[in-house]
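Notes follow the structure.
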Amino acid sequence: MRDLIVSVAIVAILVVSWLFFDSYSDKTVSSVSATIRNEIIPAVEAEHWDLSRLMSGELWDRWQDYQDVALIFISSEELLEIDQCMAIKYVEAEDVSNSSGELNALAEQLDFLVAREKINLENIF
């Protein structure tokens with residue numbers, strides 16, 4: 001009986017921690033995606049490169065903070081794909097079309113990340 005109680009307690013801890021991460025992930029990734037769409041892309045399209053570089057650097061820092069936590073719960077392949085899509089190099093090169101295109105793709109990929117990792121029956125089975 002003691003083993004059953006310990007097992008149930010461990011499963012409960014895992015489920016609760018995953019629910020906290022799910023909430024944190026949804027909030028953080030949605031915020032990053034909104035920042036890309038509402039702030040960085042308009043700055044890139046207006047060719048405000050200093051502001052774009054600053055916001056891209058802040059975006060990278062926020063992503064790295066999130067990634068440190070997310071590596072516990074999410075496959076590293078998915079996170080590496082997003083790392084590769086970070087359009088910081090295009091912003092540094094002051095390339096409007098590639099920067100805005102990559103940033104749009106990055107925002108979409110972040111939205112898909114949240115949808116794929118959501119706790120629901122479709123993702124469990």
Side-chain angles (χ1 to χ4, degrees):
M1 185 67 173
R2 189 179 318 168
D3 292 339
L4 177 64
I5 293 171
V6 170
S7 298
V8 168
I10 290 172
V11 168
I13 290 170
L14 289 173
V15 169
V16 168
S17 64
W18 183 262
L19 290 172
F20 278 119
F21 172 74
D22 186 50
S23 173
Y24 165 75
S25 180
D26 188 35
K27 230 182 295 182
T28 303
V29 173
S30 295
S31 170
V32 168
S33 181
T35 299
I36 291 169
R37 286 192 175 100
N38 300 331
E39 297 175 20
I40 300 175
I41 291 174
V44 165
E45 290 173 347
E47 297 187 34
H48 296 251
W49 297 112
D50 292 333
L51 180 60
S52 298
R53 275 191 218 78
L54 177 67
M55 287 190 294
S56 294
E58 290 172 358
L59 173 73
W60 178 256
D61 292 340
R62 286 173 61 194
W63 173 250
Q64 291 301 311
D65 292 342
Y66 170 77
Q67 189 177 24
D68 291 342
V69 175
L71 282 170
I72 298 169
F73 297 97
I74 298 177
S75 164
S76 62
E77 286 181 21
E78 293 179 15
L79 298 173
L80 289 174
E81 286 177 22
I82 293 173
D83 273 351
Q84 292 172 350
C85 285
M86 288 287 178
I88 294 172
K89 296 294 182 189
Y90 290 120
V91 172
E92 290 173 358
E94 298 181 3
D95 185 343
V96 176
S97 64
N98 283 330
S99 294
S100 61
E102 283 293 317
L103 287 166
N104 273 312
L106 177 61
E108 288 296 320
Q109 198 169 13
L110 288 169
D111 292 340
F112 287 135
L113 176 70
V114 171
R116 282 191 310 256
E117 297 302 322
K118 204 86 166 129
I119 297 177
N120 57 34
L121 291 177
E122 183 179 322
N123 288 340
I124 293 173
F125 298 107

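Residue numbers start at 1 and run along the sequence shown. Predicted, not measured: the structure shown is a model, and the values here were computed from it.
- Considering CD1 of I40 and CD of E45, their distance stands at 12.0 Å, rounded to 0.5 Å.
- Between E102 and V44, the closest side-chain pair of non-hydrogen atoms is not below 4.5 Å.
- Between V69 and F21, some side-chain heavy-atom pair lies under the 4.5 Å cut-off.
- Although no hydrogens or angles enter the test, the distance criterion places a donor-acceptor pair under 3.5 Å between the side chain of T35 and the main chain of S31.
- Counting heavy atoms from C-beta on, the side chains of W18 and I72 never come closer than 4.5 Å.
- Considering CE of M55 and CD1 of I41, their distance stands at 10.0 Å, rounded to 0.5 Å.
- Between N104 and E108, every side-chain heavy-atom pair lies at or beyond the 4.5 Å cut-off.
- Under 4.0 Å is where a charged nitrogen must lie from a carboxylate oxygen, and between R62 and D65 no such pair does.
- Of the possible donor and acceptor atoms, one in the side chain of S17 sits under 3.5 Å from a partner among the backbone N and O of L14.
- Looking only at distances, a side-chain donor or acceptor of S7 sits under 3.5 Å from a matching main-chain atom of D3.
- Rounded to the nearest 0.5 Å, atoms CD1 (I74) and CG (L113) are 4.5 Å apart.
- In F112, the CZ atom is not crowded: 12 or fewer heavy atoms of neighbouring residues, nucleotides or ligands sit closer than 6.0 Å.
- The residue from L4, I10, V6 that alone fulfils the side-chain contact (heavy atoms from CB on, under 4.5 Å) condition with V8 is L4.
- When all heavy atoms of V29 and Y66 are compared, the closest pair comes out as CG2-CZ, 3.6 Å.
- In this structure, CG on L103 lies 7.5 Å from CG on L59, to the nearest 0.5 angstrom.
- Only one option out of E92, E94, E58 pairs with R53 in a side chain to side chain donor-acceptor pair (under 3.5 Å); it is E94.
- Transitive grouping of hydrophobic side chains (ILVMFWY, heavy atoms separated by less than 4.5 Å) brings W60 and L71 into a common cluster.
- One distance of note links CG of D68 with CH2 of W63; it measures 10.5 Å at 0.5 Å rounding.
- Counting all heavy atoms, side chain and backbone alike, A107 lies closest to S33 at O-OG, 3.5 Å.
- Between S56 and V91, the closest heavy-atom pair is OG-CG2, 3.7 Å.
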